[in-house]
Undergrad: 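Let me begin by handing over the structure; questions about it come next.
Residue indices begin at 1 and follow the sequence shown.
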Amino acid sequence: MYIIAYNEIDKVRAAIESVSWADEIIVADSFSTDGTTALAAQLGAKVIQVEFNGFGDLRNKAIEACSKDWIFSLDADERCTPEASAEIKQLISSNGVHEVYHTPRRNFFMGRWIQHSGWYPNYRQPQLFRRGAMTYDLKPVHEGYVLHSKLPIGQMKSAIWQFPFKNMAEVMHKANRYSSLGAEKIKHKKISIWTALLHAKWAFWKHYLFKLGFLDGGAGLVIAIGNFEGTFYRYVKAMEIQQEDAWKNVPKVVK
């Protein structure tokens with residue numbers, strides 16, 4: 001199995017300990033500076049360093065470093081529950097009808113389980129798969145997957161846990177990082193400040209109203225506002241890329 005991490009010293013211990021049953025644990029790190037890799041190695045994980053060229057590339061490099069027939073993917077802010085661990089072992093040993101499985105995720109934020117807002121069951125890419133059955137595309141963020149198996153994708157029943165943000169500072173930090181990466185994906189589109197605003201407003205209402213974020217209380221409102229801001233700045237940053245010269249040029253003062 002593999003875990004991706006970058007400056008996650010506060011979270012990586014719990015992630016590694018939650019999969020201590022695995023035959024091997026690969027930590028794919030992008031040159032952390034906070035001691036993450038030293039701690040991971042101390043806990044028995046094999047650490048590989050991968051220059052960050054987007055999350056899709058990072059995950060593919062992590063797959064290449066794995067040597068077992070089955071691979072389970074975990075992020076440093078995720079925890080494999082005992083129920084999920086038992087189900088994974090059973091699926092692998094039974095040699096069932098699937099080679100790739102989606103895994104539900106139960107997210108916790110602001111001290112509560114977020115049951116709405118699009119955060120549950122919050123399937124990401126499949127997280128359990130046989131070697132060679134799937135890889136990832138090369139999108140820099142919110143990467144997809146490429147299925148190489150002819151069998152249908154299975155569905156795990158047991159959820160893992162995710163703790164995506166430890167505080168609001170981390171919410172803002174990740175929003176800034178992800179909006180920069182996301183801008184690269186849309187820089188080819190025709191964008192104006194008004195399209196940025198419209199997409200941001202849709203992101204807010206999608207999470208708060210249509211995905212029932214209002215039922216998550218104050219946390220649901222924070223999530224919706226965060227999606228508004230992240231979307232807005234993603235589009236504005238894409239505009240910045242498109243209009244690099246205009247953003248850099250400062251009018252000269254005429255005397």
Side-chain angles (χ1 to χ4, degrees), residues 1-6 8 12 15-16 18-30 40 45-81 83-107 118-162 164 178 181-182 184-188:
M1 73 150 300
Y2 75 81
I3 298 171
I4 62 170
Y6 175 70
E8 294 282 14
V12 74
I16 291 174
S18 74
V19 289
S20 58
W21 46 267
D23 292 333
E24 68 175 1
I25 301 174
I26 307 295
V27 171
D29 182 82
S30 296
K46 176 185 176 182
V47 177
I48 63 169
Q49 291 292 354
V50 181
E51 183 177 352
F52 188 78
N53 291 306
F55 284 102
D57 177 73
L58 176 62
R59 292 184 185 280
N60 284 335
K61 294 292 197 305
I63 289 176
E64 292 172 7
C66 294
S67 64
K68 305 303 179 181
D69 290 336
W70 282 88
I71 298 171
F72 181 57
S73 162
L74 202 70
D75 288 359
D77 60 2
E78 296 173 340
R79 314 285 179 264
C80 186
T81 60
E83 295 79 10
S85 300
E87 184 175 355
I88 290 169
K89 294 175 188 176
Q90 188 274 326
L91 290 172
I92 292 174
S93 63
S94 66
N95 197 24
V97 296
H98 306 288
E99 294 183 315
V100 178
Y101 291 87
H102 278 297
T103 304
R105 296 189 298 171
R106 181 177 292 190
N107 281 270
W119 279 27
Y120 185 78
N122 193 212
Y123 296 112
R124 198 178 59 199
Q125 316 91 357
Q127 290 184 250
L128 175 66
F129 51 95
R130 187 184 291 275
R131 167 181 289 282
M134 64 161 277
T135 54
Y136 300 91
D137 64 32
L138 297 180
K139 292 178 181 176
V141 67
H142 299 140
E143 64 285 358
Y145 61 92
V146 180
L147 190 66
H148 304 298
S149 173
K150 296 182 179 179
L151 299 175
I153 297 177
Q155 205 92 343
M156 284 181 56
K157 298 178 181 178
S158 304
I160 63 173
W161 290 0
Q162 184 177 33
Y178 280 44
L181 292 170
E184 293 290 335
K185 293 170 61 176
I186 61 172
K187 63 183 181 182
H188 64 283

Undergrad: Rounded to the nearest 0.5 Å, how far does CD1 of I26 lie from CD1 of I4?
TA: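 Reported value, rounded in 0.5 Å steps: 14.0 Å.
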Undergrad: Answer yes or no: is there a side-chain heavy-atom contact under 4.5 Å between D57 and E51?
TA: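 The answer is no; the side chains never approach within 4.5 Å.
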Undergrad: Are any non-hydrogen side-chain atoms of Q127 and M156 less than 4.5 angstrom apart?
TA: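 SC-SC contact between Q127 and M156 ruled out.
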Undergrad: Which distance, rounded to the nearest 0.5 Å, do you find between the OH of Y145 and the CG of D137?
TA: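 Rounded to the nearest 0.5 Å, the OH-CG separation comes to 10.5 Å.
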Undergrad: Mind checking whether R124 and D75 have side chains closer than 4.5 Å, heavy atoms only?
TA: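 With C-beta onward as the side chain, the pair touches.
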Undergrad: Does a donor on one side chain and an acceptor on the other come within less than 3.5 Å for Q125 and S73?
TA: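 No - no donor-acceptor pair under 3.5 Å links their side chains.
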Undergrad: With a 4.5 Å heavy-atom cut-off, do Y123 and Q155 have their side chains touching?
TA: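 Result yes, sub-4.5 Å side-chain heavy-atom pair found.
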Undergrad: I48 versus Y2: any side-chain heavy-atom pair under 4.5 Å?
TA: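 The answer is no, as the side chains (C-beta and beyond) never meet within the 4.5 Å cut-off.
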Undergrad: Taking the inter-plane angle between the rings of F55 and Y178 on a 0 to 90° scale, is it parallel (under 30°), tilted (30 to 60°) or perpendicular (over 60°)?
TA: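 Tilted, since the angle between the ring planes falls between 30° and 60°.
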Undergrad: Any side-chain heavy atom of S18 within less than 4.5 Å of one from I160?
TA: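 No, their side chains stay 4.5 Å or more apart.
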Undergrad: With under 30° as parallel and over 60° as perpendicular, where do the rings of Y136 and F129 fit, or are they tilted in between?
TA: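 Ring orientation of Y136 relative to F129: perpendicular.
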Undergrad: What is the minimum heavy-atom distance between A84 and A159, and which atoms define it?
TA: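 For A84 versus A159, the nearest heavy atoms are CB-O, 4.0 Å.
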Undergrad: Check whether any side-chain heavy atom of I92 sits under 4.5 Å from a side-chain heavy atom of F72, and report yes or no.
TA: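 Result no, sub-4.5 Å side-chain heavy-atom pair not found.
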Undergrad: Can you find a side-chain donor-acceptor pair between E99 and S149 that sits under 3.5 Å?
TA: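 The answer is yes; a qualifying pair exists.
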Undergrad: Inspect the contact between E64 and K61 and indicate whether a charged nitrogen and a carboxylate oxygen are less than 4.0 angstrom apart.
TA: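 The answer is no: the pair does not qualify as a salt bridge.
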